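Here is the structure we will look at.
Everything numeric here is computed off the predicted structure, so don't read it as measured data.
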4 protein chains.
Amino acid sequence: MSTPGNRETSGGRPLRADARTNRERILNVAEQVFGKGGRSASTEEVARLAGVGVATVFRHFPTKAALLEAVLVQRFDRLREQAEALSRAPDPGAAFFGFFSRLVADAAGKIAISEALLDAGSADGGAAVQASDGLRRAVGTLLRNAQHVGAVRGDVELPEVYALLVATSRARPEKEVRDRMLAIVFDGLTSGAGAGTFRTAGR
Amino acid sequence: MSTPGNRETSGGRPLRADARTNRERILNVAEQVFGKGGRSASTEEVARLAGVGVATVFRHFPTKAALLEAVLVQRFDRLREQAEALSRAPDPGAAFFGFFSRLVADAAGKIAISEALLDAGSADGGAAVQASDGLRRAVGTLLRNAQHVGAVRGDVELPEVYALLVATSRARPEKEVRDRMLAIVFDGLTSGAGAGTFRTAGR
Amino acid sequence: MSTPGNRETSGGRPLRADARTNRERILNVAEQVFGKGGRSASTEEVARLAGVGVATVFRHFPTKAALLEAVLVQRFDRLREQAEALSRAPDPGAAFFGFFSRLVADAAGKIAISEALLDAGSADGGAAVQASDGLRRAVGTLLRNAQHVGAVRGDVELPEVYALLVATSRARPEKEVRDRMLAIVFDGLTSGAGAGTFRTAGR
Amino acid sequence: MSTPGNRETSGGRPLRADARTNRERILNVAEQVFGKGGRSASTEEVARLAGVGVATVFRHFPTKAALLEAVLVQRFDRLREQAEALSRAPDPGAAFFGFFSRLVADAAGKIAISEALLDAGSADGGAAVQASDGLRRAVGTLLRNAQHVGAVRGDVELPEVYALLVATSRARPEKEVRDRMLAIVFDGLTSGAGAGTFRTAGR
DNA sequence: AATGAATGAGAATTCATTCAT
DNA sequence: AATGAATGAATTCTCATTCAT
């Protein structure tokens with residue numbers, strides 16, 4: 001949307017048509033490759049599957065870290081856009097839980113992504129953190145809306161909700177189990193009270 | 001219980017005193033190093049921090065994978081022992097939730113461990129998987145006990161509970177947030193009902 | 001002849017000019033290095049003498065074994081070509097003995113080569129074995145031709161002749177002695193009869 | 001026999017009984033191990049098969065090279081003893097050819113031995129060269145005797161005969177082929193003349 | 001004397017990144 | 001702009017040799 005991080009290169013000059021095509025293909029391939037093999041997947045692999053030379057990858061993304069970052073930014077931005085779109089949906093409860101479910105389902109099988117969701121909280125200094133923050137804000141909106149209509153209890157706050165989102169997107173059980181796992185979390189987000197006794201039990 | 005996995009070497013012969021010391025130091029250092037850097041941390045790093053040569057590390061653990069495995073087995077075994085001990089505690093509810101909390105707290109900052117908790121479900125064929133299964137079984141016992149006394153609702157099953165354990169142990173927020181995150185999950189495990197509408201919402 | 005094994009890479013695509021140069025230099029240097037130090041000579045040594053980095057060697061030959069194999073294939077192919085050329089020479093006797101002499105002379109100082117001539121009989125599964133077989137077949141033709149014109153006695157067969165070729169190419173005496181050694185073998189291949197009594201004497 | 005190289009250690013002091021036993025066992029195991037794997041077989045392997053610690057091997061033989069040398073000396077000495085014994089046999093022809101056959105047969109499957117037979121000609125400076133010379137001298141005697149009775153033609157000399165011995169002991173064909181190969185060589189050593197034309201053909 | 005443990009110096013191989021075409 | 005080639009710096013693992021018990 002109105003994100004400033006969407007420029008094609010830092011130089012600002014618009015890319016030639018074929019270059020833009022290449023950049024996009026590389027980015028998409030990288031998402032798959034890092035999704036499967038994590039950070040440690042090799043840049044050559046990305047180049048090969050994208051059908052370009054390694055040097056081309058490095059022309060577009062000066063370091064492997066930059067490539068990884070670009071992948072993450074793209075992903076975070078997409079998610080943020082979805083969240084923003086849902087924030088205008090008629091049923092805020094369905095919007096919130098639906099988004100939560102979809103994100104977790106999508107993250108399955110995307111190692112690097114979820115690793116990143118995780119680490120992006122920590123210092124990276126870069127664009128990925130910003131993009132992650134954008135997503136977090138959008139989730140915050142969804143959450144507030146849902147609380148407004150009583151779909152989510154009022155006493156939970158964004159940090160723990162986001163932590164749950166990150167956490168559950170990391171687990172990679174089969175769909176069946178994943179759904180049952182989410183059901184529990186969603187119950188916890190809805191009902192409230194009661195179990196308070198055990199919250200810190202044993203600590 | 002009487003853990004059979006605690007022998008010093010598979011060979012059976014007890015190690016010389018100095019060797020055992022070294023082996024233990026290496027194992028502990030490795031736990032930290034892999035905890036911080038994940039699988040991709042280098043064996044050399046482990047050796048350096050343990051104050052021994054790389055070759056010494058390899059003498060004790062013939063491959064890097066074996067070292068990683070040993071670390072995991074040790075950790076899983078420890079956790080299983082704790083779980084087993086708690087399974088005989090007077091208050092099954094406190095036992096279950098207490099164990100859950102402690103595990104998640106301990107996992108903080110231990111990348112490799114949680115990665116492993118995660119992957120151990122998949123094929124590894126090795127000792128780590130066995131140890132992981134042992135832990136899972138022990139958690140199963142805690143869960144059943146807690147359900148028996150009504151501390152955990154009766155309609156949840158081990159797979160999703162274990163998935164939640166894995167998931168939340170992966171997230172690494174500060175203590176504050178972690179506790180609030182767990183409170184939500186624990187609520188979901190206690191109350192039940194109600195939120196069913198949203199379980200698969202958006203899917 | 002039209003050797004099919006001479007392509008630059010198995011991929012088929014012709015190498016860039018500079019790459020081909022490097023590949024050839026590496027191959028030649030490797031022939032010398034392995035010739036002197038045998039299989040256990042180091043790849044680093046090859047790289048150093050070829051004036052390239054180790055990684056370059058590995059780019060061209062993905063494993064040390066592959067490099068060794070390439071060296072052998074090249075050598076076997078060359079020898080086979082020579083043998084094939086000689087198989088059309090006017091004097092089959094001179095062709096056979098001449099080839100024999102030349103091969104033995106060339107093998108002097110080439111440990112890896114003769115080791116390989118030796119081992120190629122055994123299982124390697126690879127291209128070297130094929131190339132070795134090609135050479136053996138070519139020698140077979142030379143032998144048959146020479147027997148046809150009576151230059152080599154009729155009752156010897158390829159296996160023992162090839163074994164002799166391998167054996168004598170392994171010994172590395174000075175030229176003088178080598179020639180005298182070959183003279184004995186050649187006599188044995190020509191005359192026949194007579195000494196039969198001693199063939200298995202003492203056995 | 002009257003060899004001066006038979007002392008147990010260079011120190012001169014006689015070894016304790018158990019030490020001598022160990023030394024012998026190590027030596028025999030080493031012969032097998034190096035026979036199978038060549039020089040590159042590991043010292044640990046020797047130790048393991050001998051049922052002693054590595055350090056014990058190194059106590060008896062200060063370096064791997066020394067161990068290899070000792071193996072060779074032992075082997076050369078044994079062969080020399082056999083040759084010397086045969087030099088007093090009634091039939092010098094049978095003695096010569098018999099010894100030749102036996103040596104070649106024994107060498108089969110003993111990589112290091114034949115490698116050494118080969119290299120011992122070159123500079124080693126050590127005891128192995130001396131032992132090798134002893135063997136060579138003994139073969140010389142066998143040869144002269146055989147020539148004396150006309151079993152071997154008179155115009156061949158020790159260097160080329162020894163070279164043939166070395167060469168054929170390196171080839172490792174099956175028994176069948178080996179025998180036929182030797183038959184050719186023996187013919188060459190007996191008959192003489194005739195094939196002279198080809199001796200240096202092609203050179 | 002015997003041994004298991006420790007180790008430094010390689011060796012093969014990989015990979016992010018730079019260079020020449 | 002695109003590419004294949006080149007490379008230095010890791011990284012895992014091995015082995016002859018030394019050390020401490």
Determine whether Leu49(A) and Gln32(A) make a side-chain contact, defined as any pair of heavy atoms from C-beta on separated by less than 4.5 Å.
no
Given Watson-Crick and G-U pairs under 3.5 Å, DNA chain F in dot-bracket ([ ] crossing, | other strand) is .||||||||||||||||||||
Looking at every heavy atom in both Val73(B) and Ala131(B), which two are closest together, and how far apart are they?
CA-CB, 4.1 Å
Salt bridge or not for Lys64(B) and Glu69(B), using N-O below 4.0 Å?
no
So if I take every side-chain heavy atom of Asn22(C) and compare against dA6(F), dA6(E), dA2(F), which nucleotide ends up nearest?
dA6(F)
Sequence neighbours left out, what passes side-chain contact (heavy atoms from CB on, under 4.5 Å) with Ala50(A)? Give chain and number order.
Arg25(A), Ile26(A), Val29(A), Val52(A)
Asp18(C) meets the side-chain contact (heavy atoms from CB on, under 4.5 Å) criterion, sequence neighbours left out, with Arg16(C)
For residues 41-48 of chain D, run the donor-acceptor check on the side chains, cut-off 3.5 Å, and write out each pair with its distance to 0.1 Å, sequence neighbours left out.
unit_1	atom_1	unit_2	atom_2	d
Ser42(D)	OG	Glu44(D)	N	3.4
Ser42(D)	OG	Glu45(D)	N	3.1
Glu45(D)	OE1	Arg48(D)	NH2	2.8

Can you find a side chain N or O atom of Arg59(B) that sits less than 4.0 Å from OP1 or OP2 on dA6(E)?
no
Check whether any side-chain nitrogen or oxygen of His60(D) sits under 4.0 Å from OP1 or OP2 of dA1(E), and answer yes or no.
no
Taking only nitrogen or oxygen atoms into account, show me every contact under 3.5 Å that the protein makes with nucleotides 17-20 of chain F, one pair per line with its distance.
unit_1	atom_1	unit_2	atom_2	d
dT17(F)	OP2	Lys64(D)	N	2.7

Is the phosphate of dT7(E), meaning OP1 or OP2, less than 4.0 Å from a side-chain N or O of Thr56(B)?
yes
Excluding sequence neighbours, so at least two apart, what forms side-chain contact (heavy atoms from CB on, under 4.5 Å) with Ser40(C)?
none
Taking every non-hydrogen atom, the tightest pair across Arg39(A) and Phe34(A)
O-CE2, 4.1 Å
For a quick check of understanding: with a heavy-atom distance under 4.0 Å over all strands, which category does Ser42(B) fall into, base, sugar-phosphate or nothing?
sugar-phosphate
